[in-house]
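What follows is a short report on a single structure.
Residue numbers start from 1 in every chain, and the chains themselves are labelled A, B, ... in the order their sequence lines are given, proteins ahead of strands.
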Number of protein chains: 2
Amino acid sequence: MSALPSTARSTYRHGDLREALVAAGVDLARAGGPDAVVLRETTRRVGVSPNAAYRHFADRQALLKAVSDRALGFVADRIEDEVVAIPMTDAATHARSLLRAVGTGYIAFAREEPGLFRTAFSVPDNLASADAPSKAGAGGRTPYQLVGMALDEMLAAGLLPAERRPNAEFLAWSSVHGLGMLVIDGPLRGLTGPMIDHATQRVIDMVERGL
Amino acid sequence: MSALPSTARSTYRHGDLREALVAAGVDLARAGGPDAVVLRETTRRVGVSPNAAYRHFADRQALLKAVSDRALGFVADRIEDEVVAIPMTDAATHARSLLRAVGTGYIAFAREEPGLFRTAFSVPDNLASADAPSKAGAGGRTPYQLVGMALDEMLAAGLLPAERRPNAEFLAWSSVHGLGMLVIDGPLRGLTGPMIDHATQRVIDMVERGL
DNA sequence: CGTATGATGTGTACAGTGTCCACAATGGCA
DNA sequence: TGCCATTGTGGACACTGTACACATCATACG
């Protein structure tokens, strides 16, 4: 039992097939977006029969949903990467930097991992489940929560009038999300890196000014 | 030969099979989004063999692209519906109304025809082809052109500084497009009509103020 | 007028997909 | 030890996109 090739499963039971399937699905999504998350190919990569997946997911759509949630967690991770780089300053400057970090991290992820970005938003969602733990990154926060945190700091720093705070997430998120979509699939596709950076900064400026 | 049932094709040649396929594809897209534009089902509806489609489209993706362009034309139509309802006023008010009409028409279409809206943006595009005639509506203008026209009026009316005019389309479009996506598939799904209307107005306000 | 020819549609075939069903192996619990 | 729920397998089916060879027609040209 101890000298089996590491690629082969020594036990009949897989151990954590569900996790392995999600991981394989993420690889497929990374390379080809949501449509590439093909059930049979996913199981093939894990070295298991196609039907094995049905012990862990109701159908292909359920597998895709799990992959999508994982991808949203990666979005959160990428945003947090930007957040930790923010220097210590006064509250107002920090709040603005935070909002900027959320936007730039979001767009950076869209450009670096277009397949995962598309996958993250390919499955219908709603407000009630936007903060489900399955969508959180390593830091335990979802992208939606990160946007909310930035806006809370803006409010606390006096940069956002209290009467405009409710649902301000909608505005900030819409703008940045739209830019991300248009950049990877839409008419803004093919823009050079600097142009996208510039557009990102302008969108964030607009949000800050327009909130 | 003269008493054939009207549902049957009397001639071997179809007449305009390409157009018929696009129309059938639009019906499928309306009901089920881009994934529902299935080549075999499309040809079945037109009453033709699956391979007939290959005389007019290189593959399924090419058919989907044609359907997507058509859907973009419908977006333009919906926007123009809002535009014609604008009353005559002074230039500044008209410019603002125009920008607002573009935004509300865009979001209205997303809500009224989510399947077509998703289909319209499911095929990779780029700036060079954003104004292709195949994407124009009955008025001969593409959605992108309509956004540009609104911004041109804003500029002419002195509501948009000249140095900010270049690429302002990116900002306006990103915000509204993002809202549309989030409303039909994203976390904002399931919001009530009035809430969406309100969010739409706020997003447009933000764009106007932030441009 | 008749016929060659290019354009358009058909039939058959194949690999790949999601999913259903019946069955098999396993490991933990009585 | 023996039972049995859990987890995985194998085979089957309907469906998909698409390649290849063939049939049919519309017309341009002799």
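In this structure, B/D35 places its CG atom 12 Å from P of C/dG18, rounding to the nearest Å. At whole-Å resolution of the value, CG in A/D59 and P in D/dC15 are 18 Å apart. A/Y54 has its OH atom 12 Å from the P atom of C/dC21, to the nearest Å. Residue B/L39 contributes atom CG, which lies 14 Å from atom P of C/dG9 at whole-angstrom precision. Residue A/F57 contributes atom CZ, which lies 15 Å from atom C1' of D/dG8 at whole-angstrom precision. Protein atom CZ of A/R60 is 15 Å distant from nucleotide atom P of C/dC20, rounded to whole Å.
Looking at A/N51, its side chain has no donor and acceptor atom pair within 3.5 Å of the base of D/dT7.
Contact annotation: A/H56 side-chain N/O to D/dG8 OP1/OP2 distance is under 4.0 Å. In this model, the phosphate group of C/dG9 is not approached by any side-chain N or O of B/R55 to a distance below 4.0 Å at OP1 or OP2.
Heavy atoms of B/R44 sit under 4.0 angstrom from primed sugar atoms or phosphate atoms, though from no base atom.
For B/E41, whose side chain is taken as the heavy atoms from C-beta onward, the closest listed nucleotide among C/dG18, D/dT16, C/dG9 is D/dT16. Out of C/dG18, C/dT10, D/dT16, the shortest distance to the side chain of A/V38 is found at C/dG18. Minimum atom distance to the side chain of A/A52 is reached by D/dG8, of the listed C/dC20, C/dT12, D/dG8.
Between A/R202 and A/D205 there is no salt bridge, since none of the side-chain N atoms of the basic residue sits less than 4.0 Å from a carboxylate O of the acidic one. Salt bridge B/R70/B/E19: present, at least one basic N to carboxylate O contact under 4.0 Å. A salt bridge does not link A/R189 to B/D125: none of the charged nitrogens lies less than 4.0 Å from a carboxylate oxygen. Salt-bridge check for A/D131 with A/R141: failed, with every basic side-chain N at 4.0 Å or more from each acidic carboxylate O.
In this pair, B/W173 and B/Y144 present their aromatic rings tilted. The plane angle is within the 30 to 60° band.
Nearest-nucleotide positions on DNA chain C for B/S49 and A/R40 put B/S49 closer to the 5' end.
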